[in-house]
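I have placed the structure first, in the form of structure tokens, so that the comments after it can refer back to it.
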Amino acid sequence: MTSNTRVVVIGAGLAGVRLARRLGELGTPVTLIGEEEHRPYNRVLLAEVLAGRYAPDVIALPAPAALTRARVTGIDRGARTVEFADGSKVAYGTLVLATGSNPVLPPLRGLFTPDHVLPEGVHAFRTMDDCLGLSAAVRPGVKAVVIGGGLLGVSAARALAQRGAQVVLAQQSERLMERQLDPSASQLVRRHLGDLGVEVHTDLRVRDVRCVGGAVRSVEMADGYALDAEIVVLACGVHPRVGLAQTAGLEVRKGIVVDDELRTSDPHIHAIGDCAQHDGTVYGLATPALEQADVLAELLAGGTNASYTGTRSLTRLTLAGQTAFDLAAFGETEALPGDDVVQLADATRGTYRKVVVRDDRLVGGVLVGELGTVGALARAWEGAEPLPDSGPLLHLLTNDGGS
């Protein structure tokens, strides 16, 4: 294979694997590079592995045969080569960066040992190794503190509670999952966690991680209150993994800047997934990553009409188990002055549905429990067309026979 025909993909997450598989189906030679020792896997389902519902192999992705396990240390754009940690190199005609994102590690006192590693008992929650290390540390009655109340923190806290841990979730902002949910839906999430025994604290800033003999013992808040902890989970968000791109001199802002053909500032290099910034947006979600991979596969296989114009992405969280919990959120869940809002709530069943309409168009919604209407609502939102005059909102909210 000559360098001018080789497509090299760095990153074996959802986006990279999807792209490599699609290129293989379209007859385009591709080499996929991943640095983790595990088989490629669906990162979205790590919380289910932690909860004990799935074994790691259940969330494995069907990876292409041409998978190289290696750590990439540099990109030579002039020579069009990728260099590995062992000094070896591989040539590319087209390079795709699907490097994903790294966990945000908050600036807490005591978070790192003198060797700049996390103390015993402190875990990020981003990779399979993180998940397996955390899973091995969990036992019934262990005291666990989850720092961060976004989607990842809620999932981690619930999984730990299902494993029998005594869980405290500390969230700096005023409510859980504030990026996706309005106050009413957030309160239902909090109630669900409470029913599982999770103690939730909001408006609470963590200041210090206290360790004894290199192992975590407590977490101290800004007001001086301390929480005993044998396990600490850092779920404070992620940031795009752009180090390779920056070192190679590519344009990087929040993420690696790409155009509608997912091309970076170097015409021979593309970027997709969590590391990519398109039209000012870094999505950090599975659906946009998969859509970007499909568009790029078509382009690299010779398609001329494909382009990526952005994703209207729906956030969905399904928490299975004895106490199942489903939620979905899309668009703008908080109304502006002049918007029309329809809300339906059933406290007994713990369900909540809300849609926001602006200028006869559905601009957002949030549903908790009984998601039979989510498909119809998402289609109406994605279409971005005027709604019929016959009062469809109540029908859209109730056409599954719900409250």
Side-chain angles (χ1 to χ4, degrees), residues 5-34 36 39-45 59-68 92-101 238 240-242 244-245 250 254-316 318 328 330-331 374-375 378-379 381-384:
T5 64
R6 186 193 298 260
V7 176
V8 174
V9 181
I10 301 176
L14 277 174
V17 169
R18 175 71 156 248
L19 175 62
R21 288 185 61 210
R22 292 288 293 126
L23 287 173
E25 293 167 358
L26 295 169
T28 300
V30 60
T31 297
L32 179 65
I33 302 169
E36 292 190 52
R39 291 172 57 190
Y41 56 89
N42 184 347
R43 201 179 307 277
V44 175
L45 296 175
I59 70 168
L61 299 172
L67 172 62
T68 299
Y92 66 85
T94 298
L95 180 65
V96 181
L97 300 177
T99 48
S101 54
V238 296
R241 195 175 181 189
V242 297
L244 281 174
L250 300 177
K254 291 181 291 186
I256 305 167
V257 177
V258 297
D259 61 15
D260 287 356
E261 293 187 344
L262 299 160
R263 184 183 291 111
T264 70
S265 52
D266 183 322
H268 302 292
I269 303 177
H270 296 73
I272 58 174
D274 288 7
C275 67
Q277 177 181 336
H278 175 266
D279 196 22
T281 299
V282 177
Y283 288 98
L285 296 168
T287 299
L290 296 174
E291 291 185 2
Q292 291 169 5
D294 289 344
V295 168
L296 185 55
E298 188 172 340
L299 286 167
L300 295 183
T304 56
N305 296 323
S307 67
Y308 179 72
T309 56
T311 299
R312 293 168 67 84
S313 188
L314 179 146
T315 298
R316 183 159 183 173
T318 298
F330 56 92
V374 68
R379 287 190 294 273
W381 169 63
E382 289 168 353

Exercise for review: Report the C-alpha separation of Leu14 and Asn42 in whole Å, then their side-chain angles, then the decisive distance to 0.1 Å, and conclude whether the side chain to side chain contact (heavy atoms under 4.5 Å, CB included) test is met.
Suggested key: CA-CA 6 Å; Leu14 277 174; Asn42 184 347; 3.7 Å; yes
Would you name the heavy atoms of [X] and [Y] that are closest together and state the gap between them?
| X | Y | answer |
| --- | --- | --- |
| Ser101 | Asp274 | OG-OD2, 3.2 Å |
| Ala15 | Gly273 | CB-CA, 4.1 Å |
| Val17 | Pro40 | CG2-CB, 3.7 Å |
| Gly16 | Leu32 | O-CD1, 3.8 Å |
| Pro240 | Lys254 | CG-O, 3.3 Å |
| His278 | Gly310 | CE1-N, 3.8 Å |

Between [atom1] on residue [X] and [atom2] on residue [Y], distance to nearest 0.5 Å:
| X | Y | atom1 | atom2 | value |
| --- | --- | --- | --- | --- |
| Arg312 | Phe330 | CZ | CZ | 9.5 Å |
| Ile10 | Thr68 | CD1 | OG1 | 11.0 Å |
| Leu67 | Ile33 | CG | CD1 | 9.5 Å |
| Leu61 | Leu45 | CG | CG | 9.0 Å |
| Ile256 | Leu97 | CD1 | CG | 4.5 Å |
| Thr309 | Asp260 | OG1 | CG | 7.0 Å |

Review point. Should Thr31 and Tyr92 count as side-chain neighbours, where that means a heavy-atom distance under 4.5 Å?
Key: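 SC-SC contact between Thr31 and Tyr92 ruled out.
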Review point. Are side-chain heavy atoms of Leu300 and Val30 found at a separation under 4.5 Å?
Key: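 No. Closest side-chain heavy atoms not under 4.5 Å.
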Practice item. Going by the side-chain contact (heavy atoms from CB on, under 4.5 Å) test, name the single residue among Val8, Val7, Asp266, Thr264 that passes it with Leu95. Key: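 For Leu95, the side-chain contact (heavy atoms from CB on, under 4.5 Å) test succeeds with only one of Val8, Val7, Asp266, Thr264, which is Val8.
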Point to revise | Short side-chain to backbone donor-acceptor contact, His270 and Leu296, under 3.5 Å | key: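 No.
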Practice item. Please check if the side chain of Thr99 supplies one atom and the backbone of Arg241 the other of a donor-acceptor pair under 3.5 Å. Key: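 Judged by distance alone, yes, a pair lies under 3.5 Å.
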Check your understanding: Yes or no on side chain to side chain contact (heavy atoms under 4.5 Å, CB included) for Tyr308 and Leu299, after CA distance, side-chain angles and deciding distance?
Key -> CA-CA 10 Å; Tyr308 179 72; Leu299 286 167; over 6 Å; no
Exercise for review: Could you pull out all residues at least two apart from Ala297 that satisfy side chain to side chain contact (heavy atoms under 4.5 Å, CB included)?
Suggested key: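 Per chain and number, Ala297 pairs via side chain to side chain contact (heavy atoms under 4.5 Å, CB included) with Leu19, Arg22, Leu23, Leu26.
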Review point. Do you see a donor-acceptor pair shorter than 3.5 Å between the side chains of Tyr283 and Gln292?
Key: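 On atom types as modelled, these side chains do not qualify, holding no pair under 3.5 Å.
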